[in-house]
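From a predicted model like this one, the values you see are computed outputs, not experimental measurements. All values below come from the heavy atoms of this structure, side chains included, with hydrogens, waters and symmetry mates left out. A, B, ... follow the sequence lines: proteins, then strands. Residue 1 opens every chain.
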Amino acid sequence: MDVPRAADFLRSFRPSRTTGLFVLFVVEIALISAAVPGYFSVYGLLDASRQFVEAGIIALGMTLVIITGGIDLSVGSLLALVSVTIGFGMDAGLPLWLAILAGMGVGTLCGFFNGVMVTALRLHPLVVTLGTFALFRGIAFAVSGAGAVSNFPAWFGVFGQTTIGGLVPVQLVFFVVLAAAFAIMLARTRFGRYVYAIGNNEVTARFSGLDTDRAKIAIYTLTGWLVSIAAVIHTSRISSARANAGFVLELTVIAMVVLGGTRITGGSGTILGTVMGVLILSYLQDGLLFAGVRSDWGLVVVGAFLIVGVFINEFFRKETR
Amino acid sequence: MSRAAILARPELPSLVFLILLVAALSVTTPSFFTIPNLQAVLEQVVVVSIVALAVNQVILSEQIDISTGSLVAVCAFVYGNIALTVGGSWVPLLGALATGAFVGLVNGVLSTYGRVSSIITTMGMLFALRGAVLLAAGAQVLNLPPESRIFGLGEAFGVPISIIVLVVVFALMGVVSRHTVFGRNVYAVGGNDRAARTVGLPLNQVRLMTLVLSGLSCGLAAAVLLGQIGQLQATAATGFELKVIAAVVLGGTSITGGRGSNLAPVVGAVLVGVILNALTLNRVPGIFELFVLGVLILAAVSFDGLRTRLTDRRR
């Protein structure tokens, strides 16, 4: 067998990126479990999901945004704004269920606002969401006066503190259902094809008769809606609403998505990949924390993983020019 | 310069807005247009401006650098520790500059030859460097002796040295950007990278150099910042990177590269400084700062978007 054909033969066995990520995840859990006695337990692994479900839910929307070649820096600030809306809405006398609805409304509307700003004037999403990054948290601070609300009724804990059968945290169910829905939407529906079409070549997509503006507004609105859900879970979990919630969350979420194989320049990426990115990054941090490593190491590891992960992804990519 | 050329200058809208704002504030707020207050505003924006001048070049070449906040903290850590062991200001400055340039080089190599886009590289750096400085400095609080604080506190000819530093950096960047091959290449690469590649410009080299420049500026900014606050904390300059990008974009440099000017980042930084100063002078509670900043960024970018749309249509 001559050399080029042997290379082709080997390449045909090359696992897909998501498979690779899955193997990486399993190896990671195995290594941590071997190195840290007492870490591995079904209960412990499931319980750890409380720490990442919020970022994970937002990452689903961010995946769509990044596939279209955009970015959303405002998600952490928006989480704070929704949380403050819920808390201070209740404080102002709204029944809690109504405050939750109001918060979800505000979050979805803010996502819509991002979408309109990006499309109406053809502004770069980075600039728009940098502005709303400051604006949303700015409103949250102005409304809350830098104070906090934490006198929630006991039933509010249902979104972030309870388990099903004493084992599965409720929010993990939310994440799994939403991830499945978004995976189907992205891979199997017309809307999903639009997302990739915009990311591959927006001008071509527009000239092919696709209403790219409407699709992009829908994507940013959906992201705002997901942020609202994450905000409800977050507020319920820590039982407190304050304007500094979700600080630097946007960067963690972007890191998860990119680690999951979505190209930052748009055009490719999958929900399953993002889920793997969420799991790999989160369990790495969880393992380090469990082992008693200072949490600052977590930042170093996240940063290094991000760069190395994308480097491996990009450097060995065959040029398709 | 012809009238059309002046009207087409990227920093024009923000400059006009800044002048109107200064005029309005001079009338409404008596304490605003005084030498001490204006000097205070300038001193406050020096650190952001120095880094923004360099990040401006990064953005012009169609990349981005969001590692600056953490890099300034790392450089400040290096500066502070050298200052405490060796003393003085110049040796620590060299250390900070070397650290900044080295990290900038790593950023640059990864983003060009390593094919990782600059937003990812520098975001990774943002996390990793902040973690590193938290690990190294921890709860340590360093207090600098006055002789190591000349870049923040010193004066020469009655002018604060920090302001002189900014003027020198601004002048240098002006010369580099207008009169060197590198400076012209930055605009060419950011304006149309395919054309730049076709005519044989060293794309990777140019982009790498802008990131090294950005790293160097973080070293210098760290010396000024530490001189001003006199105390080193591991959490210093958190969120700084977004202020820098906001200054560049507010000033009128296009985030998609190729279009902008050297004046833009400084105008943007001063604009933010003046507005925050006006809020303070008028006793607006500090919790409204972020809100005003957000409205300002959105207003500026929408205005610019509107302007480009209108001028494009005319063509």
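- For B/Leu306, the parts sitting under 4.5 Å from any heavy atom of chain A are the backbone and the side chain alike.
- Side-chain contact check for B/Leu290 versus A/Phe133: every heavy-atom pair is 4.5 Å or farther apart.
- Heavy atoms of B/Leu134 lying under 4.5 Å from chain A belong to its backbone as well as its side chain.
- In this structure, CG on A/Leu73 lies 8.0 Å from CD1 on B/Ile245, to the nearest 0.5 angstrom.
- Checking side-chain atoms of B/Arg130 against main-chain N and O of A/Val300 turns up no donor-acceptor pair under 3.5 Å.
- Neither the backbone nor the side chain of B/Leu250 comes within contact range of chain A; no heavy atom of the residue lies under 4.5 Å from a heavy atom of that chain.
- For the atom pair CE (B/Met123) and CD1 (A/Ile264), the distance works out to 6.0 Å, reported to the nearest 0.5 Å.
- Only the side chain of B/Thr256 comes within contact range of chain A, judged by heavy atoms closer than 4.5 Å.
- Ranked by non-hydrogen atom pairs under 4.5 Å with chain B, the options A/Val301, A/Ile139, A/Leu251 are led by A/Leu251.
- Within the 4.5 angstrom heavy-atom criterion, only side-chain atoms of B/Val249, from C-beta onward, approach chain A.
- Among the candidates A/Leu126, A/Thr252, A/Val310, A/Val308, the residue making the largest number of heavy-atom pairs closer than 4.5 Å to chain B is A/Val310.
- For the atom pair B/Ile119 CD1 and A/Ile66 CD1, the distance stands at 8.0 Å (nearest 0.5 Å).
- When A/Gly138, A/Ala304, A/Gly145, A/Ala140 are compared by the number of non-hydrogen pairs under 4.5 Å with chain B, A/Gly138 comes out ahead.
- The local environment of CZ in B/Phe291 is sparse, with at most 12 non-hydrogen atoms from other residues, nucleotides or ligands closer than 6.0 Å.
- Within the structure, side-chain hydrogen bond (donor to acceptor under 3.5 Å, both in side chains) pairs that include any residue of residues 130-146 of chain A comprise A/Asn114-A/Thr132 (at least two apart or interchain).
- Interface residue B/Ile64: only side-chain heavy atoms are found under 4.5 Å from chain A.
- Here A/Gly303 is the residue among A/Ala120, A/Gly303, A/Ala243 with the most heavy-atom pairs under 4.5 Å with chain B.
- Within a 6.0 Å sphere centred on OH of A/Tyr196, heavy atoms belonging to other residues, nucleotides or ligands number more than 12.
- The contact between A/Phe247 and chain B is made entirely by side chain atoms (from C-beta outward), counting heavy-atom distances below 4.5 Å.
- A distance of 11.5 Å separates CZ of B/Phe303 from CG of A/Leu121, quoted to the nearest 0.5 Å.
- More than 12 heavy-atom neighbours from other residues, nucleotides or ligands sit within 6.0 angstrom of CZ on A/Arg206.
- Side chains of B/Leu298 and A/Phe113 form a contact here, defined as non-hydrogen atoms less than 4.5 Å apart.
- Residue with the most contacts toward chain A among B/Ile120, B/Val301, B/Leu293, B/Ile255: B/Ile120 (heavy-atom pairs, distance under 4.5 Å).
- Contact of B/Ser254 with chain A is not made at all, since no heavy-atom distance falls under 4.5 Å.
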